[in-house]
Amino acid sequence: MNFRNMDEFWPYFLTQHSKRATRMLHFAGTSTSLLCLIYSLMFDLRYLLCVPVVAYGVAWYSHFFVERNVPASFDYPLWSFLCDMKMCGFILTAQMDKEIKRLGKKPVPGDN
C-alpha cells in the first residue's frame, strides 16, 4: 500500500488496531514510556533506554498476541508513531469510539 499522507494512513492504522485490548495496551505502553522519558530527563539519563523498549515492547506484544498482525511501524515508522500519538489522544479524551464510528469501522465481535 502507498499512502500519500496521514489522512490516508489513519484509517489503515485503525484497522491494524481493531481490538480495544490492542488500543489499551498501546496506550499503556505509550504512557509508561512517557513517564520513563520524564524520569530519565529529571533524574537519570540511563532510563532513556527504557523509553523505546517499553513503548515498542508493549505495542508489539499487542500486535503479535492480541491483534495477531504485524505492527504497522515495521513499514511506516513515522506515520505509525504519529498515529499512535493521535490514538492516545483520542483514548485520553474518551473520543476513540466516536472516531471509530466516524470512520465506519465496526467493533470486533467479542471485543469488550
Side-chain angles (χ1 to χ4, degrees):
M1 288 181 230
N2 291 320
F3 300 101
R4 293 176 291 173
N5 55 50
M6 275 266 300
D7 290 335
E8 288 182 5
F9 184 72
W10 175 242
Y12 169 75
F13 181 84
L14 288 184
T15 66
Q16 301 303 296
H17 300 80
S18 66
K19 296 182 179 178
R20 184 180 301 274
T22 303
R23 296 189 298 271
M24 292 301 107
L25 283 167
H26 270 262
F27 183 77
T30 299
S31 301
T32 304
S33 68
L34 182 59
L35 292 174
C36 289
L37 175 65
I38 293 167
Y39 181 86
S40 70
L41 294 174
M42 290 179 67
F43 301 108
D44 189 346
L45 288 178
R46 291 178 293 178
Y47 282 88
L48 277 175
L49 297 172
C50 295
V51 174
V53 171
V54 170
Y56 285 106
V58 174
W60 290 354
Y61 173 87
S62 73
H63 282 286
F64 293 130
F65 298 105
V66 176
E67 197 74 38
R68 302 215 186 269
N69 64 13
V70 176
S73 60
F74 288 174
D75 294 323
Y76 305 99
L78 179 60
W79 287 351
S80 292
F81 173 77
L82 294 173
C83 284
D84 188 60
M85 295 298 108
K86 183 176 180 173
M87 180 173 69
C88 287
F90 278 122
I91 291 169
L92 193 60
T93 60
Q95 298 296 311
M96 193 69 229
D97 289 339
K98 182 178 175 183
E99 178 65 4
I100 290 170
K101 287 180 185 174
R102 182 186 76 80
L103 292 172
K105 307 292 180 216
K106 295 182 180 169
V108 174
D111 185 30
N112 296 320

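Excluded from the calculations below are hydrogen atoms, water molecules and symmetry mates; all remaining heavy atoms, backbone and side chain alike, are included.
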Asker: Given 3.5 Å as the limit, does a donor-acceptor pair link the side chain of Thr32 with the main chain of Gly29, or not?
Answerer: no
Asker: Measure the shortest side-chain to side-chain distance between Thr30 and Met85 over non-hydrogen atoms and say whether it is less than 4.5 angstrom.
Answerer: yes
Asker: Any idea how Tyr61 and Phe65 line up, ring-wise: parallel (<30°), tilted (30 to 60°), or perpendicular (>60°)?
Answerer: tilted
Asker: If I take atom OG from residue Ser73 and atom CG from residue Asp84, how far apart are they, to the nearest 0.5 angstrom?
Answerer: 9.0 Å
Asker: Can you see which heavy atom on Thr93 is nearest to which on Gly89, and at what distance?
Answerer: OG1-O, 2.9 Å
Asker: How are the rings of Phe43 and Tyr39 set to each other: parallel, tilted or perpendicular (split at 30° and 60°)?
Answerer: tilted
Asker: Rounded to the nearest 0.5 Å, how far does CD of Gln95 lie from NZ of Lys101?
Answerer: 11.5 Å
Asker: Quick one: closest heavy-atom pair of Tyr76 and Asn2, and the distance?
Answerer: OH-N, 4.4 Å
Asker: Are side-chain heavy atoms of Met24 and Ile91 found at a separation under 4.5 Å?
Answerer: yes
Asker: Is there a side-chain contact between Leu82 and Phe9, using heavy atoms and a 4.5 Å cut-off?
Answerer: no
Asker: Only one of Glu67, Arg23, His63 passes side-chain hydrogen bond (donor to acceptor under 3.5 Å, both in side chains) with His17; say which it is.
Answerer: His63
Asker: For residues Leu48 and Val54: do they belong to one hydrophobic cluster (side chain heavy atoms under 4.5 Å, members Ile, Leu, Val, Met, Phe, Trp, Tyr)?
Answerer: no
Asker: Between OG1 of Thr22 and CD of Gln16, what distance do you get to the nearest 0.5 Å?
Answerer: 10.0 Å
Asker: Check the hydrophobic clustering (I, L, V, M, F, W, Y; side-chain heavy atoms under 4.5 Å; chains of links allowed) and say if Phe13 and Phe27 are grouped together.
Answerer: yes
Asker: For the NE2 atom of His26 and the SG atom of Cys88, what is their distance to the nearest 0.5 Å?
Answerer: 8.5 Å
Asker: Which heavy atom of Glu8 sits nearest to which heavy atom of Asn5, and what is that distance?
Answerer: N-OD1, 2.9 Å
Asker: Working to the nearest 0.5 Å, report the span between OG of Ser80 and CE of Met87.
Answerer: 10.0 Å
Asker: Please report the interatomic distance OH(Tyr47) to CG(Leu35), rounded to the nearest 0.5 Å.
Answerer: 13.5 Å
Asker: In terms of the angle between their ring planes, are Tyr12 and Phe3 parallel, tilted or perpendicular, with boundaries placed at 30° and 60°?
Answerer: tilted
Asker: How far apart are the C-alpha atoms of Trp10 and Glu99, what are their side-chain angles, what is the distance that settles it, and do they pass the side chain to side chain contact (heavy atoms under 4.5 Å, CB included) test?
Answerer: CA-CA 11 Å; Trp10 175 242; Glu99 178 65 4; 2.6 Å; yes
